[in-house]
Student: 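I'd like to ask you about the structure that follows.
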Amino acid sequence: MLIIIFAWLSMFFTTLFAPPKHLWTLVTTQGFFIALFSMSWIFLQDFNFSNSLFFIDKISGPLAILTCWLFPLTMLASQSKMYLEPVNRQRAYIANNTFLQLTTLLAFTSSDLMFFFIFFEASLLPTMIIITRWGSQERRLEAGMYLAFYTMLGAVPLMVWLIKFYSTHASLFPTLTYILNIYQIPTTYPGLFWATYNAAFLVKLPLYCLHLWLPKAHVEAPIAGSMTLAGTLLKLGGYGILRTSALLQENFLNQLLPIMLITILGILATALLCLRQTDLKSLIAMSSVSHMNLVVAAALIAHSWSYSGAMATMIAHGLTSSALFCLANTSYERTNSRTMILLRGALLIFPLAGAWWLTIVLFNLALPPTINFAGELLIMITLYNWSPIAFLVVALNLIFTTAYTLYVLWSTQRGPLPTHIKTLSPFQIREHLLLFLHILPALLLILKPELIF
């Protein structure tokens, strides 16, 4: 574990001192080496590897590997736009992305409650810098402010709980595992208590009603910002909820019915909102909210199957939504527009890209036998065991998801070519490789899904 942390830190030296000509090649190659080395955590997670600082088990292992895997992919995706900027700005961009992925990785693997909170909040800073400095639209400052205020206000109850924990135990440094084994809290209002200390995580996921920062941040962010936000930062919220779920008392779900209702409403409402979107990135961001609310529902049911389903859904969503943002970016780089009506007819010009669109959108749709399907199936089974009526309501989401999936495909791929488009540069091998490396882990997980269950 320490070797990988040092390898990440050496990335800063590469960023600062690499010659401009080989900067992106060296950083991307180093990122792939770290990603391949991190695969060893698959074997560590069965033994619950831990020491005083780091901890890898079935929850943190897959998410940590996902973080390491997505970093070189963000570097691959960013190259075409960033090559045009001065070298110092390119170095600053890479350093920010490296710091962001490093803080996320440390948050996923820290065995200590206080370290987890510090790294969880530290990831906000590079995200804000990436959005406000390298975002392409004039409303990027507003998006940065939304992100900062939502995240910081959500963190206040969590901080109050940590102070309370400190006053009770006179320490904030027992490992997470130790806390979760002994610290069953007797409380009069378990539902309110759960909502309070999970507020920071529910904002990060985000829960419906707390999600307004997400479409703004995604629309304004550059491609690396969108990929990291969808791929790993949203998963920090899910990870926090799954980690602290052991603090709950038995049969607490009746206390949390309002939050469960908001979650079910959010799953359906955001899927329907996708049908109203005209901006491609905004639509992908809304579909992320729908999938993440499913994870909240799974965490609330608090069954071993639902936890497995939530884990599989998070990993699958991290890969597919990141790939969707890459596809949206390829269209944006060629047309300078994210409005779907202006992107129509792409299948005629880019037939191979049309195949990528179809494949990735079907993964997003959770078509059998994808890992997305396995995750959603597990969540649906536990939902049915809890309440058949809730299951029937959430099952409507399958219809709405199919509807907006067809809407995306028809809007971007079919139809006549827009008359204003004169020349479009062909797809590069780099872009095909980028999309292939997103789909490859998802395909491999179909063969051995128990790695993330």
Side-chain angles (χ1 to χ4, degrees), residues 67 70-71 74 78 89 92-108 110 113-163 195-241 262 266 270 279 281-282 284-286 288-289 292-293 296 318 321-322 325:
T67 306
L70 282 180
F71 174 75
T74 58
S78 303
R89 284 191 201 163
Y93 181 80
I94 294 171
N96 260 303
N97 273 299
T98 307
F99 182 59
L100 174 56
Q101 297 280 27
L102 181 60
T103 51
T104 314
L105 178 66
L106 289 169
F108 281 137
S110 61
L113 196 61
M114 196 61 200
F115 281 158
F116 170 67
F117 179 71
I118 289 168
F119 291 127
F120 178 82
E121 290 304 317
S123 64
L124 170 66
L125 192 63
T127 315
M128 256 191 79
I129 294 170
I130 288 168
I131 290 172
T132 53
R133 173 62 193 84
W134 283 281
S136 53
Q137 311 289 317
E138 70 275 3
R139 298 184 70 181
R140 59 183 187 269
L141 293 175
E142 185 186 331
M145 292 297 284
Y146 264 69
L147 171 65
F149 273 92
Y150 267 88
T151 308
M152 285 156 66
L153 285 172
V156 171
L158 182 60
M159 211 161 116
V160 170
W161 180 64
L162 289 176
I163 293 166
T196 305
Y197 76 79
N198 275 314
F201 307 136
L202 292 174
V203 166
K204 202 75 167 180
L205 259 170
L207 181 72
Y208 185 68
C209 300
L210 301 172
H211 72 287
L212 292 179
W213 63 271
L214 188 73
K216 279 183 185 297
H218 270 309
V219 165
E220 305 301 327
I223 177 60
S226 285
M227 285 171 68
T228 310
L229 203 57
T232 53
L233 287 178
L234 301 191
K235 310 304 171 285
L236 273 175
Y239 173 75
I241 290 174
I262 291 170
T270 44
D279 185 306
K281 280 182 89 171
S282 185
I284 300 166
M286 279 297 179
S288 292
V289 180
M292 289 297 103
N293 275 269
V296 179
S321 66
S322 181
F325 278 115

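The chain is numbered in sequence order, starting from 1.
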Student: Does some side-chain heavy atom of L202 sit less than 4.5 Å from a side-chain heavy atom of I241?
Tutor: yes
Student: Would you mind reporting whether Y93 and S78 have side-chain heavy atoms less than 4.5 Å apart?
Tutor: yes
Student: How far apart are the C-alpha atoms of I262 and N293, what are their side-chain angles, what is the distance that settles it, and do they pass the side-chain contact (heavy atoms from CB on, under 4.5 Å) test?
Tutor: CA-CA 9 Å; I262 291 170; N293 275 269; 5.6 Å; no
Student: Once ring-ring contact (aromatic ring centres under 6.0 Å, His included) is applied, do any residues pair with F108, and if so which ones, sequence neighbours excluded?
Tutor: Y239
Student: Taking atom types as modelled, is there a side-chain donor on Y208 or T270 under 3.5 Å from an acceptor on the other?
Tutor: no
Student: Under the side-chain contact (heavy atoms from CB on, under 4.5 Å) rule, what do R133 and R89 come out as? Steps first, then yes or no, please.
Tutor: CA-CA 10 Å; R133 173 62 193 84; R89 284 191 201 163; 3.1 Å; yes
Student: Using side-chain heavy atoms (C-beta onward) and a distance below 4.5 Å, is N97 in contact with P126?
Tutor: no
Student: Before giving the answer on side-chain contact (heavy atoms from CB on, under 4.5 Å), spell out for L102 and L106 the whole-Å C-alpha distance, their side-chain angles and the decisive distance to 0.1 Å.
Tutor: CA-CA 6 Å; L102 181 60; L106 289 169; 4.1 Å; yes
Student: Once you measure the plane-to-plane angle for F119 and F115, does it fall in the parallel (<30°), tilted (30-60°) or perpendicular (>60°) bin?
Tutor: tilted
Student: Quick test of your reading: applying side-chain hydrogen bond (donor to acceptor under 3.5 Å, both in side chains), list the pairs with at least one residue in residues 210-228, sequence neighbours left out, ordered by first then second residue.
Tutor: E142-K216, S226-K281
Student: Do T74 and I223 make a side-chain contact, defined as non-hydrogen atoms from C-beta onward lying under 4.5 Å apart?
Tutor: no
Student: N198 side chain to F201 main-chain N or O, any donor-acceptor pair under 3.5 Å?
Tutor: no
Student: Checking K235 side chain against A230 main chain: does a donor-acceptor pair fall under 3.5 Å?
Tutor: yes
Student: With distance as the sole test, does T151 use its side chain to make a donor-acceptor pair with the main-chain N or O of A148 at under 3.5 Å?
Tutor: no
